[in-house]
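We name chains A, B, ... by the order of the sequence lines, and we start the count at 1 in each one. If you're wondering where the values come from, they're calculated on a predicted model, not measured in any experiment.
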Protein chains: 2
Amino acid sequence: MDRQYPSAALERAVGEFAQLPGIGRKTALRLVLHLLSRPEEEVCTFGKVFTTLKQDIHYCKVCHNISDTDICEICANPKRSNGTLCVVENVQDVLAIENTMQYTGLYHVLGGVISPVDGIGPQDLQIASLVDRVAAGGINEVILALSPTMEGDTTNFFISRKLQPLGVKLSVIARGVTVGNNLEYADEVTLGRSILDRTPFI
Amino acid sequence: MDRQYPSAALERAVGEFAQLPGIGRKTALRLVLHLLSRPEEEVCTFGKVFTTLKQDIHYCKVCHNISDTDICEICANPKRSNGTLCVVENVQDVLAIENTMQYTGLYHVLGGVISPVDGIGPQDLQIASLVDRVAAGGINEVILALSPTMEGDTTNFFISRKLQPLGVKLSVIARGVTVGNNLEYADEVTLGRSILDRTPFI
């Protein structure tokens with residue numbers, strides 16, 4: 001049921017929020033009414049931050065992660081092992097891997113995965129720059145750390161075809177049972193994979 | 001755990017979303033990344049709508065509902081019964097009651113309920129203007145349609161004390177069992193109330 005709002009300005013504001021992922025019209029109205037209850041200055045700042053968002057956000061020229069500088073902090077850090085490259089989908093995945101504190105190499109942010117349904121092809125992603133980066137030399141290993149979905153697997157396969165001729169070591173993050181979960185809750189595909197990919201015990 | 005974002009502009013945008021009710025930092029980051037994937041023009045429009053939100057939204061001078069005109073469509077409609085006033089908390093409640101198609105009178109939007117915890121007192125709400133409106137005459141009945149919470153009940157009580165001397169008929173929306181739900185799921189207070197407030201059958 002589409003509600004009739006009593007004001008075009010309200011309708012416009014609700015419409016803007018409602019086009020964001022996971023926000024319906026009811027939530028959007030609640031957010032707009034929340035903003036209306038805040039001081040004018042605060043709401044104005046809220047709007048201004050997004051008006052210039054696309055100009056304000058820059059990307060690292062090397063790894064394409066979001067960065068305030070031309071070269072991001074990770075790429076510019078001399079303490080990181082620069083022979084290893086971890087290919088991820090987006091900035092969230094960089095943050096997630098950084099939080100594990102298990103990785104000291106560099107990243108390459110694709111900006112998405114190949115998804116014909118959404119009209120995203122290899123040319124829309126930072127794949128050409130990845131190939132250039134590996135071809136330039138100095139990279140020993142490329143770790144594919146995309147989501148274990150059909151789109152992620154397709155992208156992994158496409159990238160591997162492009163990188164294999166360059167003679168770089170290619171690996172993919174392990175798929176197996178979730179740490180801390182009971183085995184009976186693991187799905188068959190994951191459990192089967194965890195047996196096939198078993199690792200030496202000590 | 002507070003993540004360290006690689007960019008101040010990103011941090012700012014995430015912070016703005018995260019201060020909205022029901023949106024955490026993880027969701028906020030997802031929303032910002034979604035905006036970044038949209039065309040610049042679209043994101044700019046998103047920001048501009050909120051930059052001028054407080055100036056663009058006007059309130060009806062009579063009922064204080066959101067309106068594009070000085071007097072809202074409901075107050076200006078000669079077909080509505082102008083002897084009945086329904087007191088509600090906000091515009092969402094007006095929309096909800098309008099959707100029932102069971103009410104043809106006018107509204108009075110308080111803009112909140114009395115809540116000492118949140119620092120909201122009677123002077124922050126449109127209670128004085130409600131008393132003026134009733135004192136001006138022509139209103140036969142005031143229906144209190146606030147949420148059945150402690151804050152709503154407190155506000156109902158405060159309003160009733162102000163309106164009783166004016167000799168207007170005061171009523172409150174019925175509290176009882178939810179239509180369509182099994183009786184066993186009704187809470188004791190509501191079920192008890194529904195017995196006390198039983199209505200004649202036919």
Residue from A/Asn90, A/Ile23, A/Leu10 scoring the most non-hydrogen pairs under 4.5 Å with chain B is A/Leu10
Okay, A/Arg38 and chain B: the region with an atom under 4.5 Å from a heavy atom over there is backbone
Pair count under 4.5 Å, heavy atoms only, with chain A: among B/Val43, B/Val32, B/Thr45, B/Val91, highest is B/Val43
If one checks every heavy atom of B/Leu33 against chain A at 4.5 Å, the contacting part turns out to be side chain
One should read off an interatomic distance between B/Asp124 CG and A/Ser37 OG, to the nearest 0.5 angstrom, of 12.0 Å
From the list B/Glu98, B/Lys48, B/Glu40, B/Gln19, the residue making the most non-hydrogen contacts under 4.5 Å with chain A is B/Glu40
Most contact-rich option vs chain A, by heavy-atom pairs under 4.5 angstrom, among B/Leu31, B/Thr27, B/Leu36, is B/Leu36
Could you check whether the rings of A/Phe17 and B/Phe17 sit parallel, tilted or perpendicular, using 30° and 60° as the cut-offs? tilted
Against chain B, residues from residues 52-84 of chain A with at least one heavy atom under 4.5 Å, in numeric order, are A/Leu53, A/Lys54, A/Gln55, A/Asp56, A/Ile57, A/Tyr59, A/Asn65, A/Ile66, A/Ser67, A/Asp68
dist A/Phe50:CZ -> B/Arg12:CZ (nearest 0.5 Å) comes out at 10.5 Å
Check: Are more than 12 heavy atoms from other residues, nucleotides or ligands located less than 6.0 Å from atom CD of B/Gln123?
Finding: yes
- Message: Please evaluate residues B/Phe46 and A/Thr51 with respect to the criterion side chain to side chain contact (heavy atoms under 4.5 Å, CB included), reporting the C-alpha separation (whole Å), side-chain torsions for both, the decisive distance (0.1 Å), and the verdict.
- Response: CA-CA 7 Å; B/Phe46 179 88; A/Thr51 309; over 6 Å; no
